[in-house]
**Student:** 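Below are the structure tokens for one structure; questions will follow.
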Amino acid sequence: SGFAEGLADLARSKLLLVALDRRRQGYRYHQGFRDMLHAELHRREPGLIPVLHRRAAAWHERNGAPGEALECRMAAGDADDAARLAGGLAFPAYQHGRLATVERWFRWLEDHGAMKNHPAIPIFGVVLPAITSNPADAERWASLAGQGAGPEAAAGSLPDGSPTIGPWLAVMRAALCRDGVDQMRADAERAIETLPAGSFWRAAATLYLAAAHLMAGDLDQADALFEDQVALSKATGGMIGACVALAERSLLAIARGSWEQAGQYLSEAQSVAKQANLEDYPPNALMYAVAARLALHEGDRPRARAELTHAQRLRPALTYMLPHVAVQARIELAR
């Protein structure tokens with residue numbers, strides 16, 4: 001009690017400590033004081049710095065702060081432990097729009113050789129295309145994932161509960177669509193069959209399966225799968241891909257002449273994009289192209305131009321790493 005009161009007094013002085021919450025149960029050093037201590041540590045005992053970062057990482061893990069633990073592991077240069085933590089954090093961070101943070105993690109892991117030893121990590125960089133707008137990076141990561149992972153690799157260590165990395169590789173192959181529509185459909189089906197029920201990849205695999213049926217001309221089956229994808233996204237709390245699925249449903253409704261229903265799907269897609277901070281997610285170029293088409297149908301040319309402008313800004317980042325969306329978005333823009 002006396003120690004806690006002393007900390008509170010120091011925090012009130014605003015010289016050494018800053019309270020982290022109103023209940024004053026956590027504190028951090030004032031930035032200026034922290035910088036002074038850090039400089040002194042560098043001068044006197046530089047070899048102690050990674051040791052202290054590792055102690056801090058262990059403390060953060062024990063106290064339910066894996067994000068802080070990851071930053072400490074990176075500061076200590078512990079690539080394997082950083083990769084382990086990043087595997088569990090990448091998808092939730094991506095869901096919440098922290099794209100720059102995830103990309104920074106991945107670049108650090110690549111620079112420190114962790115991707116070669118942890119083939120599950122680069123798969124994130126391929127299947128989550130908004131992490132990087134540079135297809136050369138994603139291409140390199142896809143190669144690392146394929147070379148370093150046999151179907152039994154990473155057994156028991158995958159954050160979605162998959163027993164092996166095989167289902168993850170199937171999702172990645174479906175996303176890349178390198179061997180045609182039939183193989184894309186087969187890869188997506190294999191992923192859905194082998195992924196655990198609660199895997200965060202199930203919604204993505206369902207989206208790719210729906211896209212394969214769409215490209216094969218199975219429109220009713222595609223629409224049903226797009227509907228399943230949106231339901232899966234809502235159930236898991238992560239709406240990545242749902243915007244694309246809803247835009248696809250809007251296009252299918254337009255093809256049936258159901259313009260009112262198409263508008264409802266588009267409105268839902270736009271709401272999801274705004275709430276999930278995904279308005280600049282490159283695959284949403286398709287959503288803006290659909291919005292322009294609906295605006296033209298309603299005779300609103302200024303709104304159509306605005307939607308097309310937004311789509312064109314995203315178009316360069318929509319590359320061959322997600323070819324089915326990249327091509328379809330361009331077709332819709334041309335239309």
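Since the structure is predicted, the reported quantities are computational estimates derived from the model, not experimental observations.
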**Student:** Applying side chain to side chain contact (heavy atoms under 4.5 Å, CB included), name anything that partners His53, two or more places apart in sequence or on another chain.
**Tutor:** Ile49, Ala75, Ala76

**Student:** Using 4.0 Å as the upper bound for N to carboxylate O, is an ion pair formed by Glu268 and Lys274?
**Tutor:** no

**Student:** With sequence neighbours left out, what residues match Tyr288 under ring pair (Phe, Tyr, Trp, His ring centres under 6.0 Å)?
**Tutor:** His310

**Student:** Of all residues at least two apart in sequence or in a different chain, which pass the salt bridge (Lys or Arg N to Asp or Glu O under 4.0 Å) check with Asp182?
**Tutor:** Arg185

**Student:** Would you mind checking if Arg303 and Glu298 are paired as a salt bridge, meaning a charged N to carboxylate O distance below 4.0 Å?
**Tutor:** yes

**Student:** Please determine whether side-chain contact (heavy atoms from CB on, under 4.5 Å) holds for the pair Cys243 and Tyr281, giving the CA-CA distance in whole Å, both sets of side-chain angles, and the decisive distance to 0.1 Å.
**Tutor:** CA-CA 10 Å; Cys243 297; Tyr281 175 52; 5.6 Å; no

**Student:** To the nearest 0.5 Å, how far apart are CG in Asp78 and CZ in Arg73?
**Tutor:** 5.5 Å

**Student:** With rounding to the nearest 0.5 Å, note down the distance linking CG in Leu144 to CG in Leu109.
**Tutor:** 11.5 Å

**Student:** If you measure from the Lys or Arg side-chain nitrogens to the Asp or Glu carboxylate oxygens, is any gap between Asp280 and Arg313 under 4.0 Å?
**Tutor:** no

**Student:** Salt bridge (Lys or Arg N to Asp or Glu O under 4.0 Å) with Asp223: which residues, sequence neighbours excluded?
**Tutor:** Arg249, Arg256

**Student:** Starting from Met115, can I reach Met321 by hopping between I/L/V/M/F/W/Y residues whose side chains sit under 4.5 Å apart?
**Tutor:** yes

**Student:** Near Asp220 CG, under 6.0 Å, is it more than 12 heavy atoms from other residues, nucleotides or ligands?
**Tutor:** no

**Student:** Just by distance, no angles: are the side chains of Glu139 and Ser143 close enough, under 3.5 Å, to form a donor-acceptor pair?
**Tutor:** no

**Student:** For Ala262, does its backbone N or O pair with a side-chain atom of Ser250 as donor and acceptor, under 3.5 Å?
**Tutor:** yes

**Student:** Distance from Leu322 atom CG to Tyr208 atom OH, nearest 0.5 Å?
**Tutor:** 5.5 Å

**Student:** With salt bridge (charged side-chain N to carboxylate O under 4.0 Å, His left out) as the criterion, how do Glu227 and Lys234 come out once you've worked through the C-alpha distance, each side chain's angles and the decisive distance to 0.1 Å?
**Tutor:** CA-CA 11 Å; Glu227 183 179 17; Lys234 290 179 178 179; over 6 Å; no

**Student:** Answer whether the closest heavy-atom distance between the side chains of Gln229 and Leu232 falls below 4.5 Å.
**Tutor:** no

**Student:** To the nearest 0.5 Å, what is the distance between CG (Leu70) and CD (Glu61)?
**Tutor:** 9.5 Å

**Student:** Under 4.5 Å between any side-chain heavy atoms of Pro323 and Leu176, yes or no?
**Tutor:** no

**Student:** As a quick check of understanding, evaluate side-chain contact (heavy atoms from CB on, under 4.5 Å) for Gln328 and Leu251, giving each step before the final call.
**Tutor:** CA-CA 11 Å; Gln328 189 182 14; Leu251 284 172; 3.6 Å; yes

**Student:** Charged N to carboxylate O under 4.0 angstrom, Arg335 versus Glu332?
**Tutor:** yes

**Student:** Could you tell me whether the side chain of Leu246 reaches within less than 4.5 Å of the side chain of Phe226, counting heavy atoms only?
**Tutor:** no

**Student:** Heavy-atom distance under 4.5 Å between the side chains of Arg140 and Glu110, does that happen here?
**Tutor:** yes

**Student:** Should Leu286 and Val327 be counted in the same cluster of Ile, Leu, Val, Met, Phe, Trp and Tyr side chains packed under 4.5 Å apart?
**Tutor:** no

**Student:** Under a 3.5 Å cutoff, is there a donor and acceptor pairing between the side chains of Glu71 and Trp105?
**Tutor:** yes

**Student:** Which word best sums up how the rings of Tyr94 and Phe91 line up, parallel for under 30°, tilted for 30 to 60°, or perpendicular for over 60°?
**Tutor:** tilted

**Student:** Where the side chain of Ser271 meets the backbone of Ser267, is there a donor-acceptor pair that is under 3.5 Å apart?
**Tutor:** no

**Student:** Could you tell me the separation between the CD atom of Gln270 and the CG atom of Asn284, rounded to the nearest 0.5 Å?
**Tutor:** 9.5 Å

**Student:** Side chain to side chain donor-acceptor pair (under 3.5 Å) with Glu307: which residues, sequence neighbours excluded?
**Tutor:** none

**Student:** Do the side chains of Tyr320 and Val244 join up, straight or via other hydrophobic residues, at under 4.5 Å, putting them in one cluster?
**Tutor:** yes

**Student:** Between Arg84 and Asp81, does any side-chain N to carboxylate O distance fall below 4.0 Å?
**Tutor:** yes

**Student:** Check whether His112 reaches the backbone of Trp108 with its side chain - one donor and one acceptor, N or O, closer than 3.5 Å.
**Tutor:** yes

**Student:** Would you compute the distance between atom CD1 of Ile192 and atom CG of Leu225 and round it to the nearest 0.5 angstrom?
**Tutor:** 7.0 Å

**Student:** Could you tell me if the side chain of Cys72 sits less than 4.5 Å from the side chain of His60, heavy atoms only?
**Tutor:** yes

**Student:** Would you call Arg98-Glu103 a salt bridge at under 4.0 Å N-O?
**Tutor:** no

**Student:** Give a yes or no on this: more than 12 heavy atoms of other residues, nucleotides or ligands lie within 6.0 Å of atom CZ of Arg305.
**Tutor:** no

**Student:** When you look at Gln312 and Thr309, which way does the side-chain contact (heavy atoms from CB on, under 4.5 Å) test go after all the steps?
**Tutor:** CA-CA 5 Å; Gln312 292 288 9; Thr309 298; 5.8 Å; no

**Student:** Apply the test salt bridge (charged side-chain N to carboxylate O under 4.0 Å, His left out) to residues Asp187 and Arg190: give CA-CA distance (whole Å), side-chain angles for both, the deciding distance (0.1 Å), then the verdict.
**Tutor:** CA-CA 5 Å; Asp187 287 328; Arg190 184 192 172 204; over 6 Å; no

**Student:** Quick check: do Asp179 and Met184 have side-chain heavy atoms less than 4.5 Å from each other?
**Tutor:** no

**Student:** Within the 4.5 Å heavy-atom criterion, are Leu252 and Leu214 side-chain neighbours or not?
**Tutor:** yes

**Student:** Take Val171 and Ile123 through the side-chain contact (heavy atoms from CB on, under 4.5 Å) test and state the conclusion after the steps.
**Tutor:** CA-CA 9 Å; Val171 174; Ile123 293 176; 5.9 Å; no

**Student:** With sequence neighbours left out, what residues match Glu279 under salt bridge (Lys or Arg N to Asp or Glu O under 4.0 Å)?
**Tutor:** none

**Student:** Establish, yes or no, whether a centroid distance under 6.0 Å links the rings of Trp201 and Phe124.
**Tutor:** yes

